[in-house]
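First the proteins, then the strands, lettered A, B, ... as listed; each starts at 1.
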There are 2 protein chains.
Amino acid sequence: MSAAFPQRRKPTLDTVAAEAGVSRATVSRVINGSPRVSPEVKDAVSSAIDRLGYVPNRAARSLVMRRTDSIALVMREPDATVLADPYLGNIIIATSQTLVGTGVQLVLVNARNDAEHARLADYVRSGHVDGVLLASMHGDDPLPGLLLDAGIPTVVGGRPQRHLPGLTYVDVDNVGGAQLAAEHLLAGGRRRIATIAGPQDMTAGSDRLGGYRRALASAGRKADRVVYGDFTRESGEQAMAALLARHPDLDGVFAANDLMAVGALRALRAAGRAVPTDVAVVGYDDIELARHTEPPLTTIHQPIIDQARTMTELLLTQIGGDPVADPVVLPTELVARESA
Amino acid sequence: MSAAFPQRRKPTLDTVAAEAGVSRATVSRVINGSPRVSPEVKDAVSSAIDRLGYVPNRAARSLVMRRTDSIALVMREPDATVLADPYLGNIIIATSQTLVGTGVQLVLVNARNDAEHARLADYVRSGHVDGVLLASMHGDDPLPGLLLDAGIPTVVGGRPQRHLPGLTYVDVDNVGGAQLAAEHLLAGGRRRIATIAGPQDMTAGSDRLGGYRRALASAGRKADRVVYGDFTRESGEQAMAALLARHPDLDGVFAANDLMAVGALRALRAAGRAVPTDVAVVGYDDIELARHTEPPLTTIHQPIIDQARTMTELLLTQIGGDPVADPVVLPTELVARESA
DNA sequence: GTCCTCCGTGAGAGCGCTCTCATCGATGGG
DNA sequence: CCCATCGATGAGAGCGCTCTCACGGAGGAC
């Protein structure tokens, strides 16, 4: 608003110091809110800053501070999956919103394969970010360990396959959520229940199957009707068809994610089974799509926004010097619609 | 892989120079690929770098280079909208993927209101990024102008309301897409067509209405059946109900986005009209949801990935010193499913 | 009145890098 | 045989900032 001439040479601390008639050190004190500056000098400096339109140079600051006031959000995901599933988009946006007002910037890093992992490690070590948020790790990804060894504050989204002491994570309660889903089916009077499970090399996949089994066990039933999919709609459709062939009498299905549930709905329709009359279906994730299916899908809602916020907050305190916090597991809840 | 001790003090240029027995300047030359270094020295330096696990400090480099090798992606959007619509997520991910391998980093900036705009301008002027990508601008946002004045390379996504000379944008062809949609309805034999238009203070809204009108005019028909929504599903549902009440005889509808089309589908079902038999519906955006509606939605596909890629490429060349390129408008295409 | 404390301020070093300029040895033309 | 030329290398300044330390003056204790 008050920059005298748009394109004159950018003012530096010295420029401001000269304008205000004080030393560079004093200007720095004013900018950083040091209490040891007299009110008059402070005002003089502030007005000089306004007059010149001075903005501190972040590179210079981070060079001497060895801090960058920015964190990286690393996504590790093959392209197609990323785009079909709004999960990552939500994580990204929620993270960025949590950061608003903290003065910390979000750097997005795409590490799709191992080659890019090497780059990434270098990048982080070059001191360009103060900490790292890891989204959607697969299997036994080496990245968390690498970062931990390098002493970079790191928070993982989702429980890592292998627990590393000193590495915090924020997970949503997959076990509890799946349990909720199965209990809902049971409470609805369904007795011949099956599940379309996710890949077992992902914790989301194995935990959800575990929760499902636990619920059935508590009710004194065997959980022996299991077919596996890979979290895509197509796999859900095939799995449902296989389930129907193998257990024609089933009356309830829990799909480990909504996309597979959508596929199941389609297979059920093709087989002439009415939902939920003949077969009740419960999904998992509560994606936008779930409220628009025919019938609308009963599913498990995950607090993605909370997850992103919690991850960010844990990372910031850790960067601030606090000891590494304990892992956090956020509760999930069932959203009852019409499919079960 | 080869860092001797994980946590020794980070090596600097001087460390490497000492290790290799050369001067700091020579090491710098090797790192930056200068041709004026003898092969033997080059090898000696490279191996010293490997041995020490040296990684250049970006802050120091950008301090002297006045370049940061990173760009900002600024999103301007109220929270709710962002999360419901995967558009931004796609733009973000596509941008980040375009940047892979260029050595340029992506910084995400959330400027939700005017207060945050001021911060943003400061942030950009503090030299933390070399250029700015503006996503989803509304109305006559002052931000593009601010950045243009500040001399920051900037590329806008979508056509800005007010054209600023010297500001490039990359748009998808909203006019052409809407025209395609209307022509598809006409080609299908529909004669009593209406449209659910979007907000007219957004170019996507007004351009799509324009394209629709143009198609009808070419066919020698009046485009007088227009109701406005705000791009939400609810508004689409209400708009469709209003349209039905006002023009009970209509046989085709073009909704300016898929969410409103989904609402329209619901209103149509509630009114007992069969789609596409009684009324044909065409949407716009080709969101994931569109392929799962009942019936699957015929819609206009936008090359979002291309848009993000093009924006990024234009920005990079501009940062590289090329003159500001002309705006680019990318073609859209009709995806025929079952609703029309 | 003297000494000590404490507060506000300035001087200056140094963060890790790039780049200009100087240097030095080798090469070649006259 | 000397000097201009050129290519490889080193010395050193400086990017804009923070922070330590020193300093001068005011105020309080004795």
Side-chain angles (χ1 to χ4, degrees), chain A residues 8-46 48-49 52-70 103 122-130, chain B residues 8-46 48-49 52-70 103 122-130:
Chain A
R8 207 186 291 211
R9 190 169 183 74
K10 257 200 202 158
T12 73
L13 259 200
D14 281 301
T15 326
V16 177
E19 174 83 13
V22 297
S23 75
R24 195 174 59 229
T26 299
V27 178
S28 177
R29 287 191 187 95
V30 171
I31 290 172
N32 295 299
S34 159
R36 340 189 129 278
V37 183
S38 68
E40 313 86 63
V41 173
K42 190 172 195 162
D43 288 350
V45 171
S46 300
I49 288 176
L52 296 168
Y54 168 76
V55 181
N57 178 312
R58 286 177 79 113
R61 175 177 288 175
S62 69
L63 177 57
V64 47
M65 301 288 282
R66 285 119 191 284
R67 265 195 312 112
T68 59
D69 286 326
S70 58
D122 279 356
Y123 174 69
V124 169
R125 291 179 43 234
S126 80
H128 206 225
V129 295
D130 299 336
Chain B
R8 207 186 290 213
R9 191 172 182 72
K10 255 199 204 159
T12 71
L13 257 200
D14 281 301
T15 323
V16 177
E19 173 81 13
V22 297
S23 76
R24 197 173 56 230
T26 301
V27 178
S28 177
R29 286 189 188 99
V30 172
I31 291 173
N32 296 300
S34 158
R36 338 191 128 277
V37 183
S38 68
E40 311 86 64
V41 172
K42 190 173 195 163
D43 287 348
V45 170
S46 299
I49 288 176
L52 296 168
Y54 168 76
V55 182
N57 178 312
R58 286 177 78 113
R61 177 177 289 175
S62 70
L63 177 57
V64 46
M65 300 287 285
R66 289 118 191 284
R67 267 195 310 113
T68 60
D69 287 327
S70 58
D122 279 357
Y123 175 70
V124 170
R125 289 181 42 233
S126 80
H128 206 224
V129 294
D130 299 336

Closer to the 5' end of DNA chain D via nearest nucleotide, is it Val37(B) or Ala60(B)?
Val37(B)
Between Glu40(A) (CD) and dC7(C) (C1'), how many Å, whole number?
13 Å
Val16(B) and Val30(B): CA distance, side-chain angles, deciding distance, side chain to side chain contact (heavy atoms under 4.5 Å, CB included) verdict:
CA-CA 11 Å; Val16(B) 177; Val30(B) 172; over 6 Å; no
So, is Arg66(A) close to the dG16(C) phosphate, meaning a side-chain N or O under 4.0 Å from OP1 or OP2?
yes
Phosphate contact (dG7(D) OP1 or OP2) by Ser38(B) side-chain N/O below 4.0 Å:
no
To the nearest angstrom, how far is Leu52(B) atom CG from dG16(C) atom P?
14 Å
Nearest non-hydrogen partners of Thr68(B) and Val129(B), listed with the distance:
OG1-CA, 3.4 Å
Leu63(A) CG to dG16(C) C1', straight-line distance once rounded to whole Å
6 Å
Ion pair check, Asp14(A) and Arg24(A), cut-off under 4.0 Å
yes
Send over the distance from Asp43(B) CG to dT9(D) P, rounded to a whole Å.
12 Å
Taking the side chain of Arg61(B) as its heavy atoms from C-beta onward, which of dG16(C), dT9(D), dT18(C) lies nearest to it?
dT18(C)
What residues from residues 22-36 of chain A pass a heavy-atom cutoff of under 4.0 Å to DNA chain C?
Val22(A), Ser23(A), Arg24(A), Ala25(A), Thr26(A), Arg29(A), Arg36(A)
In this structure, how many angstroms lie between the P atom of dC15(C) and the CG atom of Leu13(B), rounded?
13 Å
Closest non-hydrogen atom pair, Asp69(B) against Arg58(B):
O-NH2, 3.4 Å
Write down the atom of Glu19(A), the atom of Leu52(A), and the distance for their closest heavy-atom approach.
CB-CD1, 3.8 Å
If you look at every heavy atom in Ala20(B) and Ala44(B), which pair is closest and at what distance?
CB-O, 4.1 Å
Asp14(A) CG to dT18(D) P, straight-line distance once rounded to whole Å
12 Å
Rounded to the nearest Å, what distance is computed from the CG atom of residue Asn57(B) to the C1' atom of nucleotide dT18(C)?
13 Å
Looking only at non-hydrogen atoms, find the nearest pair between Tyr54(A) and Ile31(A) and report the distance.
CE2-CD1, 3.4 Å
Rounding to a whole Å, what distance do you find between Arg67(A):CZ and dT18(D):P?
10 Å
